[in-house]
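So the structure is just underneath, and the comments pick up after that.
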Amino acid sequence: MKPTIDVDSLRTEHESDEQWEVRRSFMMEHKDNFEESELITLAQLFTNIEFLGCRYPQQTMKRIAKLAEKVSAQYKKTRENKLKRTFVQASDAAEQKAKRSFK
């Protein structure tokens with residue numbers, strides 16, 4: 001018999017509440033399908049992709065996307081009404097600032 005994974009004991013001190021809830025949801029969904037070490041790795045890959053924009057080999061990205069379908073959909077739904085960030089290149093921002101100040 002496979003030992004039960006205590007998911008709540010796996011939170012790391014550097015995780016925000018939001019990141020932990022997403023990673024925890026992923027692990028709770030899959031805890032019966034993987035050994036603890038693999039589950040931790042897969043969950044970390046998922047949160048790295050979701051929160052940090054990390055990219056991995058295509059096969060890994062496909063596997064994580066498939067495993068994370070439900071959790072990702074739930075997370076994105078909670079983000080619908082939150083403020084969205086827009087990133088621009090520093091050179092573009094500097095150019096726009098220069099254009100405004102020299103008009």
Side-chain angles (χ1 to χ4, degrees):
M1 189 162 116
K2 189 167 133 183
T4 304
I5 299 172
D6 180 12
V7 170
D8 290 318
S9 71
L10 300 173
R11 183 173 184 174
T12 59
E13 65 183 54
H14 68 276
E15 285 180 295
S16 69
D17 291 341
E18 180 181 36
Q19 289 172 338
W20 167 242
E21 284 305 317
V22 171
R23 192 166 76 93
R24 182 182 183 282
S25 295
F26 182 94
M27 289 190 289
M28 291 300 289
E29 183 175 338
H30 298 292
K31 71 179 184 171
D32 296 329
N33 302 324
F34 298 99
E35 296 294 324
E36 185 173 332
S37 62
E38 187 175 11
L39 179 66
I40 292 169
T41 300
L42 292 169
Q44 190 62 56
L45 289 172
F46 169 59
T47 55
N48 287 352
I49 293 165
E50 197 68 40
F51 291 101
L52 303 176
C54 294
R55 295 289 169 243
Y56 298 97
Q58 188 161 352
Q59 185 177 353
T60 302
M61 295 295 286
K62 285 180 181 179
R63 182 177 187 203
I64 296 298
K66 182 71 176 157
L67 291 170
E69 283 177 342
K70 290 180 190 173
V71 174
S72 187
Q74 290 169 347
Y75 172 65
K76 287 177 180 165
K77 188 172 182 164
T78 66
R79 302 288 300 163
E80 284 176 356
N81 296 322
K82 295 201 177 188
L83 183 64
K84 306 224 182 334
R85 293 183 189 162
T86 303
F87 294 97
V88 296
Q89 291 184 347
S91 58
D92 292 341
E95 182 181 338
Q96 288 302 314
K97 184 174 180 176
K99 286 179 180 178
R100 282 192 297 256
S101 51
F102 292 109
K103 283 187 177 181

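Small disclaimer: the values here were computed from a predicted structure and weren't measured.
- Distance CD1/Ile40 to CE/Met27: 7.0 Å, rounded to 0.5 Å.
- Ion pair Arg24/Asp17 not flagged as a salt bridge, since none of the NZ, NE, NH1 or NH2 atoms sits closer than 4.0 Å to an Asp/Glu carboxylate oxygen.
- With Asn33 as the fixed residue, the side chain to side chain contact (heavy atoms under 4.5 Å, CB included) test singles out one of Lys31, Glu35, His30: His30.
- The line from CD1 of Ile64 to NZ of Lys66 is 13.5 Å long, rounded to the nearest 0.5 Å.
- The shortest distance between side-chain heavy atoms of Leu67 and Phe46 does not fall below 4.5 Å.
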Val7 and Met28: CA distance, side-chain angles, deciding distance, side chain to side chain contact (heavy atoms under 4.5 Å, CB included) verdict: CA-CA 7 Å; Val7 170; Met28 291 300 289; 3.7 Å; yes
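- Scanning both residues, Arg23 and Gln44, for their nearest heavy atoms gives CD-OE1, 4.0 Å.
- In summary, the side chains of Tyr75 and Glu18 do present a donor paired with an acceptor at a separation below 3.5 Å, with no hydrogens or angles considered.
- Atoms CD and CD, from Glu95 and Gln89 in turn, are 10.5 Å apart once rounded to the nearest 0.5 Å.
- Considering every non-hydrogen atom in both Glu50 and Ser72, the closest pair reads OE1-OG, 3.6 Å.
- Across all non-hydrogen atoms, the minimal contact from Ile5 to Phe34 is CD1-O, 3.7 Å.
- In terms of heavy atoms, Leu10 sits closest to Trp20 at C-CZ3, 3.9 Å.
- Annotation for Glu15 and Gln19: closest pair CA-OE1, 3.8 Å, computed over non-hydrogen atoms.
- Across all their heavy atoms, Val71 and Val22 have their closest contact at CG1-O, 3.7 Å.
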